[in-house]
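The structure appears below as structure tokens.
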Amino acid sequence: MNPLWQQLVEAGLVTGDPPPPEPAGPAWYVHALLGFAAWVAALFLTIVLVAFFRFEGGGLGIAGAFACAAGLLLLRSQSPFLTQLGLAASIAGQAGMLFGLGFRDFNRTAAVMAAILILPSLLTTNPIYRAWCTGASILLLASALEQWSPLTIALAAALVTFVFLIQPQIPRAYGYGAAIALVAIDLFTHFGRNPHPQAPYAGGLLAGLALVYTAHHFFDTKGAIYAALISLILIPAPGVAAALLIILIGFGCAAPTLTGLGIAAGLVYLSHFYYSLSFTLLTKSIVLLATGLALLALRWFLFRKEKA
Amino acid sequence: MSPRAQILQWAEQGHLLDLPQALQLAQVTPHREKWQAFLSRLMLATGTLLLGAGIIFFFAYNWKGLPPLARFAIVESLLLAAFALAWIKGIETAAARAALFLAALMTGALFALIGQTYPMGADPWQLFALWAALIVPWAFAAQKPELWLLALLLANNALGAYPADLAYFYALLNLTAQALWEFFSPEKRLAPRLAGAATAIAFSALALAQIFDRAQPFAAAYLLWLPATLVIFTRFRRDLFLVAASLLSAIVALTSLCTRALFRAGSGDLIFNSFLIAVIVVALSAAAAKWLQHLAKE
């Protein structure tokens with residue numbers, strides 16, 4: 001018997017005989033290649049749908065739903081070509097539904113689509129499709145929330161916390177989708193309209209709460225208090241708190257790809273934070289200086305004994 | 001298969017009752033010492049980065065209440081303090097390398113401050129190029145990739161800010177950096193992988209320039225780079241991440257070539273052509289993934 005399985009049986013974490021061995025799943029960069037290529041193919045398939053229906057809303061929406069369903073059927077195939085075609089067709093179908101139904105009120109349609117996009121992801125086990133649906137859903141919500149879009153930074157961070165820490169039996173692909181959405185929001189939020197003056201504070205408060213929960217989960221009450229102090233300083237910069245949270249979860253849950261996404265999210269947020277019009281450069285500078293000094297002081301305080 | 005991959009596979013198949021406990025049992029998730037080392041590194045890296053960014057943001061604010069002399073005094077004092085800290089701690093320590101990184105960021109702040117106080121009409125590319133050149137000796141001293149990566153980023157920025165198209169130089173710069181890393185420090189893969197990804201982006205840009213603008217003579221460079229990269233990283237130095245990056249570049253180039261050929265001079269049916277291109281992208285990416293999986297099993 002597989003020694004690892006035996007170890008788990010003795011700990012009461014599994015029962016019975018081990019399942020027949022299966023080859024390891026693709027590495028993260030293979031998933032990234034497939035996901036990017038499916039997205040490009042979906043762009044061309046969306047052109048097919050839109051050109052065929054000549055922007056006729058109802059027809060385009062219904063055809064989109066059919067393409068989405070057909071794509072889901074293809075995702076059950078064992079053939080790599082058909083699976084990839086299913087991924088592209090389903091994503092194009094979602095775009096067709098959005099464009100078909102969203103001509104009159106795009107924001108409302110985006111909000112509805114954000115809610116229903118999770119449903120098709122439950123009908124397949126394909127991790128790329130699950131991650132896509134989660135990420136697209138959060139991005140659509142960011143679009144629908146308009147001036148309150150910084151709240152979705154906190155939402156994405158909270159979803160990663162939920163998937164990896166609170167309900168770890170949920171497939172991790174949903175958490176990865178949320179983390180990818182976070183990088184995308186950090187990239188695109190500042191190109192849109194200026195957020196509501198209170199939106200960054202609300203986002204910062206929620207992201208901070210998630211960071212405190214994460215610190216409490218991995219460490220103890222002291223860890224949660226330190227995280228609360230850092231989160232309080234970081235309230236005007238929710239992206240930094242969200243990135244720190246994802247880096248911590250990635251390390252603590254043995255998910256190095258998530259750690260990488262957290263670092264990317266932090267760097268992207270920081271480079272766009274400079275251009276954010278919500279605060280003056282002086283305020284932003286004070287927030288960053290205070291956080292930087294607090295982290296360095298905390299490091300000195302926590303690890304001085306080990307050094308000695 | 002690694003214990004981590006095996007446990008995650010069993011979790012996906014629904015065999016495990018408690019994933020976090022299983023990961024802990026197999027010692028996949030970190031224990032106390034690993035957490036301490038990680039948190040120490042995370043706090044140092046994030047603290048240094050935020051401190052440096054905060055100082056740059058502060059001087060970009062151009063606070064009129066602060067006289068120029070005081071501004072220079074602040075930046076130069078910080079620069080000296082960072083150097084002093086690196087000297088005292090000893091270059092082999094993480095704190096010293098963080099101090100050097102802060103000093104590198106302060107150098108940029110100092111250049112920006114000089115430009116802000118005494119406008120000389122210099123171009124931004126000169127600032128980035130000089131900044132990159134100045135931190136190279138410190139990168140040699142630190143012997144870690146962080147400062148080299150910062151220098152590479154600044155050199156790329158200098159090329160980006162140069163008022164002429166330097167597509168070839170982007171590719172050459174990143175390829176040289178990747179080759180140097182592969183030669184001198186091949187065991188740690190993060191830096192050569194980042195440089196390799198930047199090289200793939202630069203060569204893909206060359207291919208796209210050739211495809212959409214026939215006047216650009218870049219095809220030969222791309223056709224040399226792509227097979228060479230695939231052979232080197234499949235046969236001589238196995239790195240499937242870099243193989244995947246090259247394959248993605250090939251998919252982008254081939255798709256662009258098909259798009260141009262199908263839509264040339266506005267001919268062809270939009271629906272049919274778009275469908276055909278989608279199928280080509282799907283076929284190429286499925287084949288690439290299958291090959292990568294095959295290589296992973298070898």
Side-chain angles (χ1 to χ4, degrees), chain A residues 4 7-8 11 13-14 19 22-27 29-30 32-34 36-38 40-41 44-45 47-48 51-52 80-81 83-85 88 125 168-169 171-172 218 240 244 247 251-254 266 270 274 280-282 284-289 291-293 295-296 298-299 302-303 306, chain B residues 1 3-7 9-10 12-13 15-23 25-26 28-30 36 38 40 42-44 46-51 53-55 57-58 60-61 63 240-241 244 247-248 251 255 270-271 274-275 277-278 281-286 288-290 292-293 296-297:
Chain A
L4 183 58
Q7 206 181 351
L8 296 174
L13 295 171
V14 289
E22 282 184 24
Y29 44 80
V30 180
L33 183 147
L34 285 170
F36 178 75
V40 173
F44 285 100
L45 289 179
I47 293 172
V48 172
F52 190 78
F81 175 79
T83 312
Q84 185 70 348
L85 188 63
T125 55
Q169 71 274 22
R172 288 183 164 193
F218 285 127
V240 180
L244 280 175
I247 293 169
F251 184 75
C253 295
L270 212 55
Y274 184 87
T280 64
L281 274 168
L282 185 64
K284 288 186 270 193
S285 151
I286 291 168
V287 169
L288 296 179
L289 283 171
T291 315
L293 286 172
L295 281 170
L296 292 175
L298 190 60
R299 177 182 181 268
L302 288 176
F303 301 114
E306 277 75 11
Chain B
M1 199 188 300
R4 175 182 170 274
Q6 182 66 80
I7 287 177
Q9 193 183 65
W10 286 336
E12 281 285 318
Q13 292 167 346
H15 297 296
L16 277 177
L17 298 174
D18 190 332
L19 174 63
Q21 215 181 325
L23 288 170
L25 192 73
V28 173
T29 40
Q36 282 184 347
F38 174 76
S40 172
L42 179 69
M43 284 178 182
L44 185 64
T46 315
T48 307
L49 188 68
L50 294 185
L51 203 59
I55 293 166
F57 281 32
F58 178 77
Y61 177 66
W63 192 8
L240 295 187
F241 169 80
L247 288 175
L248 187 59
I251 293 170
T255 308
L270 176 68
I271 294 174
S274 300
F275 184 75
I277 293 165
V281 176
V282 164
L284 288 173
S285 54
K290 201 169 178 182
L292 283 166
Q293 280 287 85
K297 279 181 202 157

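Quick caveat, the model's predicted, so the values are computed rather than measured. Order of the sequence lines sets the chain letters (A, B, ...), proteins ahead of strands, with each chain counted from 1.
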* Structure fact -> So CG of A/L289 and CG of B/L51: to nearest 0.5 Å the spacing works out to 6.0 Å
* **Sidechain-backbone polar pair: A/S285 side chain, B/G54 backbone, donor-acceptor under 3.5 Å** => yes
* Asked: Among A/Y29, A/Y274, A/F81, A/F251, which residue forms the greatest number of heavy-atom pairs with chain B at distances under 4.5 Å?
  -> A/F251
* **Per-residue contact mode, A/A88 against chain B (heavy atom under 4.5 angstrom)** => side chain
* Asked: Out of A/P26, A/P168, A/A11, which one racks up the most heavy-atom pairs below 4.5 Å with chain B?
  -> A/P26
* Are side-chain heavy atoms of B/I251 and A/F36 found at a separation under 4.5 Å? -> no
* **Interatomic spacing from CZ in B/F57 to CD1 in A/I286 - rounded to 0.5 Å** => 13.0 Å
* Asked: Relative to chain B, which segment of A/Q169 carries a heavy atom at a distance below 4.5 Å: side chain, backbone, both, or neither?
  -> neither
* **Closest non-hydrogen atom pair, A/L4 against B/A26** => CD1-CB, 3.8 Å
* Heavy-atom proximity to chain B below 4.5 Å, by part of A/V287 -> neither
* Can you find a heavy atom in the side chain of A/L281 that is under 4.5 Å from one in the side chain of B/F58? -> no
* So which of A/I247, A/V40, A/T291 has the largest heavy-atom pair count under 4.5 angstrom toward chain B? -> A/I247
* **B/L19 portion near chain A, given a 4.5 angstrom heavy-atom threshold** => side chain
* Heavy atoms only: give me the nearest A/L85-B/V282 pair and the separation to one decimal. => N-CG1, 3.6 Å
* To do: Go through the atoms of B/L23 and report whether side chain, backbone, both or neither lie under 4.5 Å from a heavy atom of chain A.
  => side chain
* Name all residues meeting the ring-ring contact (aromatic ring centres under 6.0 Å, His included) criterion together with A/F44; count only those two or more places apart in sequence or in a different chain, and write none if there are none. => none
* Asked: What's the spacing between B/L248 CG and A/L34 CG if we round to 0.5 Å?
  -> 10.0 Å
* Could you tell me which residues satisfy side chain to side chain contact (heavy atoms under 4.5 Å, CB included) with B/T46, sequence neighbours excluded, listed by chain and number? => A/L244, A/L295, B/L42, B/L50
